[in-house]
Amino acid sequence: MNKQIAIYPGSFDPITYGHLDIIERGLGIFDEIIIAVASNSEKNSLFTTAERIRHIEETFDDNPRVTVDTFDGLLVDYVISRGAKVILRGLRAVSDFEYEFQIAQMNHNLKREVETLFMMTSVPYGYLSSSIVKEVAGLKGSVESLVPPVVRNALAEKFGKTTKG
Ligand code: COA
């Protein structure tokens, strides 16, 4: 039987527990999840693509069903190139809907065989974003409950230690 593969794309600058929530729940549905780091969104990023990949690899290094890759160009072309048919995305609040709806429609229009599957982000992470994590870390607030340890350490290297946590 063919393996069911989902592509979970994003900028992951950095990966947060909100993303982990979607990935872990996605593993209940798919055999394999490929986390696809968009390399063309590096311009205004805090971490380089290589750093973002390393954070994700270290976070999932004991899980053979999760792999990390990078892509540029059209997402749908990348999805097909990996032998997948599904794009996995998380929805946090109503505010995400319009943007996600537009992208999903466009992707479906570009490649009919590619579907986007949305999962509602779990309640504790509904307010979370990578930008807010960077802002809190930059102001020396604790990000312990928001990001995995490898990212916490990387943020501490960029901004200095937090006042707590
Ligand atoms: N929990 C918490 N936060 C979440 C989350 C979750 N489950 N899911 C997403 N977020 C946050 C991210 O941290 C990010 O925060 P930020 O804006 O502060 O950085 C934000 O939501 C959205 O980020 P992300 O999911 O990474 O999406 P994106 O908009 O950065 O990237 C791509 C979207 C890469 C998938 C899209 O731009 C793309 O497909 N690009 C390729 C080019 C292409 O094919 N274009 C045509 C498509 S129409």
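The structure displayed is predicted, hence computed values, not measured ones. Atoms within each ligand, like the ligands themselves, are counted from 1 in listed order. Numbering starts at 1 and runs along the sequence shown.
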### Task
May I ask you to check if ligand 1 and S130 share an N or O to N or O distance below 3.5 Å?
yes
(Q) Does the residue Y17 have a heavy-atom contact with ligand 1, meaning some pair of atoms that are separated by less than 4.0 Å? (A) no
Ignoring angles and geometry beyond distance, decide whether L74 reaches within less than 3.5 Å of ligand 1 through its nitrogen or oxygen atoms. no
| task | Count the heavy atoms belonging to other residues, nucleotides or ligands that lie under 6.0 Å from CD of E98, then report whether that count exceeds 12. | result | no
Restricting to heavy atoms, the pick from G18, S122, G90 nearest atom 7 (N) of ligand 1 would be G18
L75 to ligand 1: N or O pair under 3.5 Å? yes
### Query
Can you find an N/O atom of I132 closer than 3.5 Å to an N/O atom of ligand 1?
no
Can R152 and S142 be counted as having a side-chain donor-acceptor contact under 3.5 angstrom? no
For T121, the ligand 1 atoms with a heavy-atom partner under 4.0 Å come out as 1 (N), 6 (C), 7 (N)
Checklist entry - Between the side chains of Y78 and D69, does any donor sit under 3.5 Å from an acceptor? => result yes
Practice task
For D13 and S130, test the side chains for any donor-to-acceptor distance below 3.5 angstrom and give the result as yes or no.
Solution key: no
Contact region, S131 to ligand 1, non-hydrogen atoms below 4.0 Å, reads both
Atoms of ligand 1 under 4.0 Å from any heavy atom of S129, numbered from 1 in the order shown, are 13 (O), 15 (O), 18 (O)
- In terms of side-chain geometry, is the basic nitrogen of R89 or E100 positioned less than 4.0 Å from the acidic oxygen of its partner? yes
* Asked: Y125 vs Y17 aromatic rings, parallel, tilted or perpendicular, using cut-offs 30° and 60°?
  -> tilted
Q: Identify whether the distance between the nearest side-chain nitrogen and carboxylate oxygen of E32 and K3 falls below 4.0 Å.
A: yes
Exercise. Could you walk me through whether S122 and R25 pass the side chain to side chain donor-acceptor pair (under 3.5 Å) test, one step at a time?
Key: CA-CA 10 Å; S122 295; R25 287 162 54 209; 3.3 Å; yes
Counting heavy atoms under 4.0 Å, the part of R89 that contacts ligand 1 is side chain
Note: heavy atom closest to atom 42 (C) of ligand 1, options A38, G73, A36, belongs to G73
Ligand 1 to I22, heavy atom cutoff 4.0 Å, flagged ligand atoms 7 (N)
Per-atom filter on ligand 1: closer than 4.0 angstrom to a heavy atom of M106 are 48 (S)
I'd like to check whether T16 has a polar contact with ligand 1, where a contact means an N/O of the residue lying under 3.5 Å from an N/O of the ligand. no
